[in-house]
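This report refers to the structure that appears directly beneath it.
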2 protein chains.
Amino acid sequence: MEKRKRSDQMSDEIEERIATGIYPPGMRLDEVELAASFGVSRTPIREALIQLSSSGLVEIRPRRGAIVADIGPQQLWEMFEVMAELEAMCGRIAARRISKEEQAALVAAHEACETAREQNDADMYYRLNEQFHHLIYAASHNSFLQAQAAALHRRLKPYRRLQLRVRDRMNSSFSEHAGILDAILSEQGDLAAERLREHVVVQGQRFADLVSSLPRLNAASR
Amino acid sequence: MEKRKRSDQMSDEIEERIATGIYPPGMRLDEVELAASFGVSRTPIREALIQLSSSGLVEIRPRRGAIVADIGPQQLWEMFEVMAELEAMCGRIAARRISKEEQAALVAAHEACETAREQNDADMYYRLNEQFHHLIYAASHNSFLQAQAAALHRRLKPYRRLQLRVRDRMNSSFSEHAGILDAILSEQGDLAAERLREHVVVQGQRFADLVSSLPRLNAASR
DNA sequence: GATCCTGAAATTGTATGCAATACTGACTTC
DNA sequence: GAAGTCAGTATTGCATACAATTTCAGGATC
C-alpha cells in the first residue's frame, strides 16, 4: 500500500510549507520541534532536511542547524536568469518536437488561463500558468531538461508566491503566453525561445525588485 | 579544526569513487558494507547516499537499497544537451562580463592545455580541460549558473572518464577551445555560445555512442 | 522442469541513546 | 559600561537498537 518512506513524506510536507510561506525564508528549522510536530523521530526529519538542502530550499550549517534558504535579490536574479534560459531551451526544442496531442493540451491550458483571467481569479491563474509552463517542459521530450526546469521552478516557488496579485500581471502574462503558444505552434523555435526568455526575465526582474524592497529575516546569519 | 561532518566526507569519497569508476554504474551500494569499509556507522553513510541521490549520482529505491546511477544512452544524450546549453549560456554571458584578470587566467589555462597536448598527456589534459571550462563558468559572474554547470559537469564525470583517450580527441578539443577563447576575448557572446554548444554536443554524441555500445550492468533492475 | 508457497536471513527504515560542539547568560575585569 | 571568560544548557552528529519489508533458499504441487 504505502511504499514511500516517511523521510520523503516529511521532505514533501516541509517543502510545501516553505512554498506556501508557512516556513518563511530565514526561519530556523529545529529538528526536535519538527519531529514532535510531525509525530516522528529526528531521523526522518534529518533525512528530509538533507534532501531539501541538496535541492537548495534549506541551508544546513554544520552543527548550527538548518534554516529555510533566504537568498538575496542578487542570487534570486541569477536564478531567474538561468530559469529563463532553461525555459527558452524547452520552448526552442518543443517547437520542433511537440506532438499533436501536446499541442492540443497546450492550447487547452492556454484557454483555461484565459478563463481564470476573465474571472480575475489569481490563485487559479497561478495554478494554470504553472501547468502551461510544465506542458512546455514536457513537450521538449527531454526528460532530464524537463526535470531540471521543474526543479528550478519549484525552487523559486516561495518567491513567486510573493507577487501573486501584482496589478495587471495576469493580463500581461496571458498575452505573453499567447505569443509563446503561437511561436511553438508555428514551429518557430528561436522565436518561442526568445519570447519565453523575455517572459521569465520580466518576472525575475519583478521578483528581484520586490525582494530587494523587503526586509530580510536573518540579515546577520553569518 | 575539522568543521565538516562525516556524512559530507562520506559523500565526497563515494562520489569520487563513482567518478573514477571504482564504483561503476549499476553497482549496488550496501550500507553496512560501506559503513564497515569507512569505519563509521550506517547513519553518515545513509545521509551521504541521500545527498548523492539528490544530485542524481545514486539511485535509491525505497526499501530495496541504493545503486550507482546507471543511465542509458538516451538520458545521457539528454543530459549533454542540457550541459551544452548551460555552457553556451556561460560563454555568452562571460564574453560580456569577463574581467581582465579572468581573461588572463583563461588564456593561461588554454596554454596549459597546449602543453599537455604537446606532451600527449591525456590525464593532464583532462584536468586542465576541466579547469578551462570552470573558468568560463566563473567568468559568467552568475554564481548560481556556475554552480549548476559545475554540478552537471560532475554528474557527467563517470561517463567522461570512459573516453579519456579516444584517438585524436585532444587535438580537436584543443582547437575548439581556441575558437571559444577567441570568441570570448573578442566579446562575441553569441559566437562563443555557439562554439561551446557545439564543443559539448560533439562530446555528448561520442559519449552516448560509446555507452550504447557498452553492456549495461543492471539491465534488468526493475 | 516450472511455478507457487513459505519461512528464515538479510537489508532497509525508524527510534533512541550518547558524545561533541555551539549557544547562553551571569560574572569578572578593565 | 563594554568586553572577555567560563560554566551550564541546548542542539546537532553519530552509533546502536529495534521494527518492517524484501530477498532467497528449499520444498511442495502441478
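Below, chains carry the letters A, B, ... as their sequence lines are ordered, and counting in each starts from 1. Nothing here was measured: the structure is a model prediction, and the numbers come from that model. Side-chain atoms are counted along with the backbone in the values below, which use heavy atoms only and exclude waters and symmetry mates.
- Dashed line: the shortest gap from a side-chain N or O of Arg4(A) to OP1 or OP2 of dT12(C) is not under 4.0 Å.
- At whole-Å resolution of the value, CD in Glu31(B) and P in dC14(D) are 15 Å apart.
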Between Arg61(B) and Ile67(B), is a side chain to side chain contact (heavy atoms under 4.5 Å, CB included) present by the stated rule, with each step listed? CA-CA 8 Å; Arg61(B) 301 156 308 172; Ile67(B) 61 171; 3.5 Å; yes

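- Take Arg42(B) and apply the side-chain contact (heavy atoms from CB on, under 4.5 Å) test, not counting sequence neighbours, and it matches Glu31(B), Val32(B), Ala35(B), Arg46(B).
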Tabulate atom names and distances for all N/O pairs under 3.5 angstrom spanning the protein and nucleotides 6-10 of chain C.
none

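- A 4.5 Å side-chain heavy-atom check between Ile71(A) and Met79(A) finds at least one atom pair inside the cut-off.
- Among residues two or more places apart in sequence or in another chain, the ring-ring contact (aromatic ring centres under 6.0 Å, His included) test is passed with Tyr125(B) by none.
- Taking atom CZ of Arg6(A) as the reference point, atom P of dT16(C) lies 12 Å away to the nearest angstrom.
- Comment: Lys157(B) engages Glu130(B) in a salt bridge, judged by a side-chain N to carboxylate O separation of less than 4.0 angstrom.
- Scored by the ring-ring contact (aromatic ring centres under 6.0 Å, His included) test, Phe144(B) finds no partners at all (sequence neighbours excluded).
- Judged as a side-chain contact (heavy atoms from CB on, under 4.5 Å), and not counting sequence neighbours, the contacts of Leu29(B) are Tyr23(B), Leu34(B), Leu49(B), Val58(B), Ala66(B), Val68(B).
- By the side-chain hydrogen bond (donor to acceptor under 3.5 Å, both in side chains) test, Ser143(B) pairs with Glu78(A), sequence neighbours left out.
- For the residue pair Ala69(B) and Gly56(B), the shortest heavy atom distance occurs at CB-O, 3.3 Å.
- With sequence neighbours excluded, the residues satisfying ring-ring contact (aromatic ring centres under 6.0 Å, His included) with His199(B) are His133(B), His177(B).
- In this structure, a donor-acceptor pair under 3.5 Å is present between the side chains of Glu87(B) and Tyr137(B).
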All N/O pairs under 3.5 Å across the protein-nucleotides 22-24 of chain D interface:
| residue | atom | partner | partner atom | Å |
| --- | --- | --- | --- | --- |
| dT23(D) | OP1 | Arg64(B) | NE | 2.9 |

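- Summarising the geometry, the separation between CD on Gln9(B) and C1' on dG13(D) is reported as 12 Å, rounded to the nearest angstrom.
- At its two ends the helix from dG1(C)-dC30(D) to dC30(C)-dG1(D) runs along axes set 20° apart, each axis drawn from five pairs and the angle rounded to 10°.
- For Pro44(B), the side-chain contact (heavy atoms from CB on, under 4.5 Å) test picks out Arg6(B), Ser7(B), Met10(B), Val40(B), Ser41(B), with sequence neighbours left out.
- Looking at residues two or more places apart in sequence or on another chain, you find a side-chain contact (heavy atoms from CB on, under 4.5 Å) between His141(A) and Arg97(A), Glu102(A).
- Applying a 4.0 Å cut-off to non-hydrogen atoms, the residues of residues 38-50 of chain B that approach DNA chain C are Arg42(B), Arg46(B), listed by residue number.
- If you measure from atom CD1 of Ile67(A) to atom C1' of dT12(D), you get 15 Å, rounded to the nearest angstrom.
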